Peer 1: 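Can you read through this structure? Questions will come right after.
Just so it is clear, the model here is predicted, and its values are computed rather than measured.
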Amino acid sequence: MVPTVRPALLPPLMLAVVFCFEGCDAAPGPAPDAAVRPDDVGPPKRDVPFDVPPPRAFGPGFTDLTLPLERDAPFVIPAASREMFSTDELSPLVGDVDGDGRDELVVSHWPTDDSIVRGMPAPYAVYRYDRAARQFVRVAGARLPEMPPLAGILDLDGDGRDDLIALERSRALAWGEGAGFSQPAPLDARPSDWMMSSRILSYFLDDLDDDGWLDLLVATDCCRTPCTDLHALLRTGPRTFDERPDLLTIPQVSKPYAAFSARFAPGERVLMSVGWSCVDPNSAPVFYRSGVPDAAGYPRFAAFDPTPPRSYFRGEQLGFPTIAFNSPMAACADDLDDDGRLDLAVALNPVHQLFRGTAAWPFEDVTAAAGVPTTSADNGRAMIPWSMAFVDLDRDTRLDWIIAHGNDQTAWSDPPERFIGPQFVGAYQNMGGLRFADVTTALHLERRGQWRTLTLEDWDDDGDADLAVGGQQELPRLYRNDIDNGAHGVVLRLRGTTSNHLGVGAWLTVWVDEGGRPLRRYVGGSAHPYVVHEPFVTVGLGGATRIARLRVAWPSGAVQELRDLAADRAHTITEPPSLVITPPSRHAPADGRSAVTVLITPRDLAGALRADAMVDVALAGAGTLAGPAVRGPEGWTARVVAPPGPGTAAVTVRIDGVALAVRPRLWWD
């Protein structure tokens, strides 16, 4: 069953909301990727017809830059066949692999042979976008550690250097060091027994316990008991993660293609195990929400169903009782109508399921009214959606919808009357009012193939989103956004200090002009199979050439404002720190004498110290406050003295009586 999530209007001090998803117990069931599909040979009927204005001209649209990869032919890729049970996956990843401050493109190849199972490293190829030549060139001599297929190249620990994360647990992490990487290491320092689920399918980054550090939500291939399909790994040190299976109550295991987390309503974080049940889709949970924290302040998550009774997937077109029947494969969330609430899309087979955020559960289903509940392949059969993203492709101030379509494993062996055949990436322009129009052909994204993953990047730093699409049995496709309609935009990247360092869970409010209606954007709202990447936000400005005012509601609860940001470029926004922990490792000896200091700096909207603030500090757990926070020239300092034995403590800071949403955790060793 699938819960529907609705975010509420932003309060002045925004508390980050996150999806928490759980695994379910499962016994041996259908073959991997065996999705339940409807027997009808055409797309479901749209039961709410509407008229939309014709799409505006897009100029060149997207330019395909894949030719250099095709000439290099970096991999031996078996030809596709109707008898395939598994496929080669070729995922495009973006990150700085040589430490020079510029991102590269890494194509990670997940072959169908058993080389990965036998411990052989996955092949890869590295490219760089040459801005002068406006094309990709192979990076000669690029060397990465020998690892399983890569899932992401991103800064996991906030030290400013990108790290590697892979789709196999025993060699999952390689930390960035200088111009290279450390030797691959297991995912957590003290691994628990994952039984049959060591094959990782997806990662999601979020601060699951609200301590200001990014944690990992991990989805694993779990179709046998005993195993767990969702794993919450909390960061416990500069480079350590510990699994906390007690955070999730998992009634039945599933096979999640993706893990997802976001905060949709005040005080409630929601996780998703985005997948299908290996046992009984009638009782498989997909959504989990946070409840009352335990005595140590850690969250607890339990299954619930926020989907409305008359959801599209339950309608006469399909008639499936739960969202798990439709094999959820990816999810994305953002504010499509700028009402301050998160809207949620889920890739179902074959439905583009869209929920509108409301003030309370359940969601409102708007799939049919949106106008693109499915998209048909050349033979008229509905394609299978995989990765999704909301992004303002044409910079007209409205978030568009892009969806990669491709076969699941079972579809490759379908009989001729059911075979879908080649599929394509769908692009859907937001026409306002949560209505969309198919503009795939106008944007030149209609190349036929089989596609599963999406990666967004601004290769040429011009303030719009470029695109890389992962392929099955073929190379990824690389597209540069050359839409030319006279509109402008910006790319915004966040760097948290008190909040998690990628700003996941932050809300952005953008005034294109001071007197206009604001736009709202959410940071970190996409979950895909196989790949994870650092989030960034695209904001279309229409004909404007500057942002008049930008407000950032950080996950910490701090609010920051900036003004007069130029269009057609990327901006990095850094959070003025409200809390600084010394030592930054947050660890100290459990000797009854050592101390950790907490510097509290209340800020105004411009980031300046507020000397008139009232500051209070409280401690939950082991250790003792040496006294009230003491005012100094840089802010207020609190001193926490270690206990005589090991333990942890969570620090709560109140500024003018309002608690920060981040509660840093300290460890006594």
Peer 1: Locate the shortest heavy-atom distance separating P422 from A377; write the atom from each residue and the value.
Peer 2: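 Shortest heavy-atom contact: O-CB, 3.9 Å.
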Peer 1: Is R549 salt-bridged to E561, going by a charged N under 4.0 Å from an acidic O?
Peer 2: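 Salt bridge present between R549 and E561.
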Peer 1: State, with a plain yes or no, whether a side-chain heavy atom of L90 is found less than 4.5 Å away from one of S108.
Peer 2: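 Sidechains of S108 and L90: no contact.
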Peer 1: Identify the heavy atoms of A347 and P385 that sit nearest to each other, and give their distance.
Peer 2: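 Here A347 and P385 meet closest at CB-O, 3.6 Å.
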Peer 1: Would you call R395 and D400 a salt bridge, taking side-chain N to carboxylate O under 4.0 Å as the test?
Peer 2: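 Salt bridge between R395 and D400, a charged N being under 4.0 Å from a carboxylate O: no.
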Peer 1: When you measure from the side chain of R477 to the backbone of V425, do you find a donor-acceptor pair of N or O atoms at a distance under 3.5 Å?
Peer 2: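 Here the side-chain-to-backbone pair does not exist.
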Peer 1: Hey, is E474 close enough to R447 for a salt bridge, meaning N to O under 4.0 Å?
Peer 2: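 Here E474 pairs with R447 in a salt bridge, since their nearest N and O are under 4.0 Å apart.
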Peer 1: So does G180 get a backbone contact from the side chain of R161, meaning a donor-acceptor N/O pair under 3.5 Å?
Peer 2: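 Yes; judged by distance alone, with no hydrogens or angles, the pair exists.
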Peer 1: Hey, does L69 have a side-chain heavy atom less than 4.5 Å from the side chain of Y127?
Peer 2: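 Counting from C-beta outward, Y127 and L69 do come under 4.5 Å.
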Peer 1: Classify the ring geometry between F136 and W459 as parallel (under 30°), tilted (30 to 60°) or perpendicular (over 60°).
Peer 2: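 It falls in the perpendicular class, over 60°.
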Peer 1: So does A465 get a backbone contact from the side chain of D458, meaning a donor-acceptor N/O pair under 3.5 Å?
Peer 2: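 Flag not set: sc D458 to bb A465 has no pair under 3.5 Å.
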Peer 1: Between the side chain of H488 and the main-chain N/O of T545, is any donor-acceptor distance below 3.5 Å?
Peer 2: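 Checking the backbone N and O of T545 against the side chain of H488, no donor-acceptor pair under 3.5 Å is found.
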Peer 1: CG/D337 to CG/D335 distance, rounded to the nearest 0.5 angstrom?
Peer 2: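 One gets 5.5 Å once the value is rounded to the nearest 0.5 Å.
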Peer 1: Can a donor-acceptor pair be found between the side chains of R102 and Y129 at a distance below 3.5 Å?
Peer 2: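 Result is no, nothing qualifies.
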Peer 1: Just wondering, do T397 and L541 contact through their side chains at under 4.5 Å, heavy atoms?
Peer 2: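 Contact flag for L541/T397 side chains = no.
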Peer 1: CD1 of I403 to OG1 of T374: how many Å apart, nearest 0.5 Å?
Peer 2: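 Going from CD1 on I403 over to OG1 on T374, the span is 10.0 Å.
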Peer 1: Without swapping roles, check the side chain of S387 against the backbone of R452 for a donor-acceptor pair under 3.5 Å.
Peer 2: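 Yes.
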Peer 1: Could you tell me how the ring of F241 sits relative to the ring of W175: parallel (under 30°), tilted (30 to 60°) or perpendicular (over 60°)?
Peer 2: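 F241 and W175: parallel rings.
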Peer 1: Just so I know, are the side chains of L93 and H533 near enough to count as touching, which here means a heavy-atom distance under 4.5 Å?
Peer 2: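 They are not in contact (no side-chain heavy atoms under 4.5 Å apart), so the answer is no.
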Peer 1: Can you give me the closest heavy-atom contact between W511 and G516, atom names plus distance?
Peer 2: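 Scanning both residues, the minimum pair turns out to be CD1-O, 3.5 Å.
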Peer 1: Does NZ or CZ of R493 come closer than 6.0 Å to the centre of the six-membered ring of F536, within 45° of the ring's axis?
Peer 2: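 Flagged: R493 positioned over aromatic ring of F536.
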Peer 1: State whether D462 and R131 are salt-bridged, where the test is any N-O pair (Lys NZ or Arg NE/NH1/NH2 against Asp/Glu carboxylate O) under 4.0 Å.
Peer 2: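 Result for this pair is no, no salt bridge flagged.
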Peer 1: Would you call D343-R356 a salt bridge at under 4.0 Å N-O?
Peer 2: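 Salt bridge: no.
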Peer 1: Verify, without hydrogens or angle tests, whether S202 (side chain) and H528 (backbone) share a donor-acceptor contact under 3.5 angstrom.
Peer 2: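 Side chain of S202 to backbone of H528: a pair is present.
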Peer 1: Which atoms form the tightest heavy-atom contact between A172 and Y203, and what is the distance?
Peer 2: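 Minimum heavy-atom contact is CB-OH, 3.8 Å.
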Peer 1: May I ask you to decide whether D221 forms a salt bridge with R199, counting only side-chain N to carboxylate O separations under 4.0 Å?
Peer 2: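 Yes, this pair counts.
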Peer 1: Would you give the length of the straight line joining atom CD1 of I384 to atom CG of D408, rounded to the nearest 0.5 angstrom?
Peer 2: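 Taking CD1 in I384 and CG in D408, the distance rounds to 4.0 Å.
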Peer 1: Donor-acceptor check, side chain of Q423 to backbone of M383, threshold 3.5 angstrom: yes or no?
Peer 2: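 Checking the backbone N and O of M383 against the side chain of Q423, no donor-acceptor pair under 3.5 Å is found.
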Peer 1: What verdict does the side chain to side chain contact (heavy atoms under 4.5 Å, CB included) test give for M329 and N349, after you've listed the backbone C-alpha separation in whole Å, the side-chain angles of each residue and the deciding distance to 0.1 Å?
Peer 2: CA-CA 8 Å; M329 290 167 285; N349 187 353; 3.9 Å; yes
Peer 1: Taking side chain as C-beta onward, heavy atoms only, is D162 less than 4.5 Å from E534?
Peer 2: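 Yes, close enough: below the 4.5 Å cut-off.
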Peer 1: For A382 versus I420, what's the shortest heavy-atom pair and its separation?
Peer 2: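 Heavy-atom minimum between the residues: O-CD1, 3.6 Å.
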Peer 1: Is there a donor-acceptor contact under 3.5 Å linking the side chains of Y257 and W276?
Peer 2: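 Distance-only check passes for Y257 and W276.
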Peer 1: Check the side chains of Q472 and N407 for a donor-acceptor pair under 3.5 angstrom, ignoring hydrogens and angles.
Peer 2: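 Q472 and N407 do not have a side-chain donor-acceptor pair below 3.5 Å.
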Peer 1: Should T220 and H231 be marked as a side-chain hydrogen bond (donor to acceptor under 3.5 Å, both in side chains) after you check the CA-CA gap, both sets of side-chain angles, and the distance that decides it?
Peer 2: CA-CA 8 Å; T220 60; H231 304 263; 3.2 Å; yes
Peer 1: If I compare all heavy atoms of W554 with all of T574, which pair ends up nearest, and what's the gap?
Peer 2: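 For W554 versus T574, the nearest heavy atoms are CZ2-C, 3.9 Å.
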Peer 1: Angle between ring planes, F204 versus F260, binned at 30° and 60°: parallel, tilted or perpendicular?
Peer 2: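 Rings of F204 and F260: perpendicular, over 60°.
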Peer 1: Which one of D338, D392, T509 satisfies the side-chain hydrogen bond (donor to acceptor under 3.5 Å, both in side chains) criterion with R521?
Peer 2: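 Result: among D338, D392, T509, D338 is the only option passing the side-chain hydrogen bond (donor to acceptor under 3.5 Å, both in side chains) with R521.
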Peer 1: Kindly compute the distance separating CZ (R398) from CG (L434), expressed to the nearest 0.5 Å.
Peer 2: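 It comes to 11.0 Å.
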Peer 1: Which value, rounded to the nearest 0.5 Å, describes the distance between L187 atom CG and I200 atom CD1?
Peer 2: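 Interatomic distance, L187 CG to I200 CD1, rounded to 0.5 Å: 5.5 Å.
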Peer 1: Indicate yes or no: at least one non-hydrogen side-chain atom of L144 is less than 4.5 angstrom from one of V97.
Peer 2: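 Heavy-atom side-chain distance check passes, below 4.5 Å.
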Peer 1: Determine whether the side chains of T440 and E446 contain a donor N or O and an acceptor N or O closer than 3.5 Å.
Peer 2: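 The criterion, which ignores hydrogens and geometry beyond distance, is not satisfied for E446 and T440.
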Peer 1: Would you say the side-chain atoms of H501 pair up with the backbone N or O of D155, donor to acceptor, closer than 3.5 Å?
Peer 2: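 At least one qualifying donor-acceptor pair exists.
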Peer 1: For the residue pair E89 and T87, confirm or rule out a side-chain donor-acceptor distance under 3.5 Å.
Peer 2: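 Checked: E89/T87 side chains pair up, N/O donor to acceptor below 3.5 Å.
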Peer 1: So, do V552 and V559 sit near enough that their side-chain heavy atoms are less than 4.5 Å apart?
Peer 2: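 When only atoms from C-beta onward are counted, V559 and V552 do not touch, as no gap falls below 4.5 Å.
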Peer 1: Using modelled atom types and a 3.5 Å cut-off, is there a donor and acceptor pairing between side-chain atoms of D365 and backbone atoms of F355?
Peer 2: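 No, because the side chain of D365 does not come within donor-acceptor range (under 3.5 Å) of the backbone of F355.
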Peer 1: Taking the six-membered ring for Trp, is the centroid-to-centroid distance between H444 and F62 below 6.0 Å?
Peer 2: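 Ring centroids of H444 and F62 are no less than 6.0 Å from each other.
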Peer 1: Cation-pi check for Y428 against R435: NZ or CZ below 6.0 Å from the six-membered ring centre and within 45 degrees of the axis, yes or no?
Peer 2: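 Not flagged: R435 not positioned over aromatic ring of Y428.
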Peer 1: So does D98 pair up with R128, basic N to acidic O under 4.0 Å?
Peer 2: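 Yes.
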Peer 1: Does any N or O in the side chain of D207 come within less than 3.5 Å of the main-chain N or O of G212, such that one atom is a donor and the other an acceptor?
Peer 2: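 Such a contact is found between D207 side chain and G212 backbone.
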Peer 1: Got D466 and Y479 here, is their nearest side-chain heavy-atom distance under 4.5 Å?
Peer 2: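 No, side chains not in contact.
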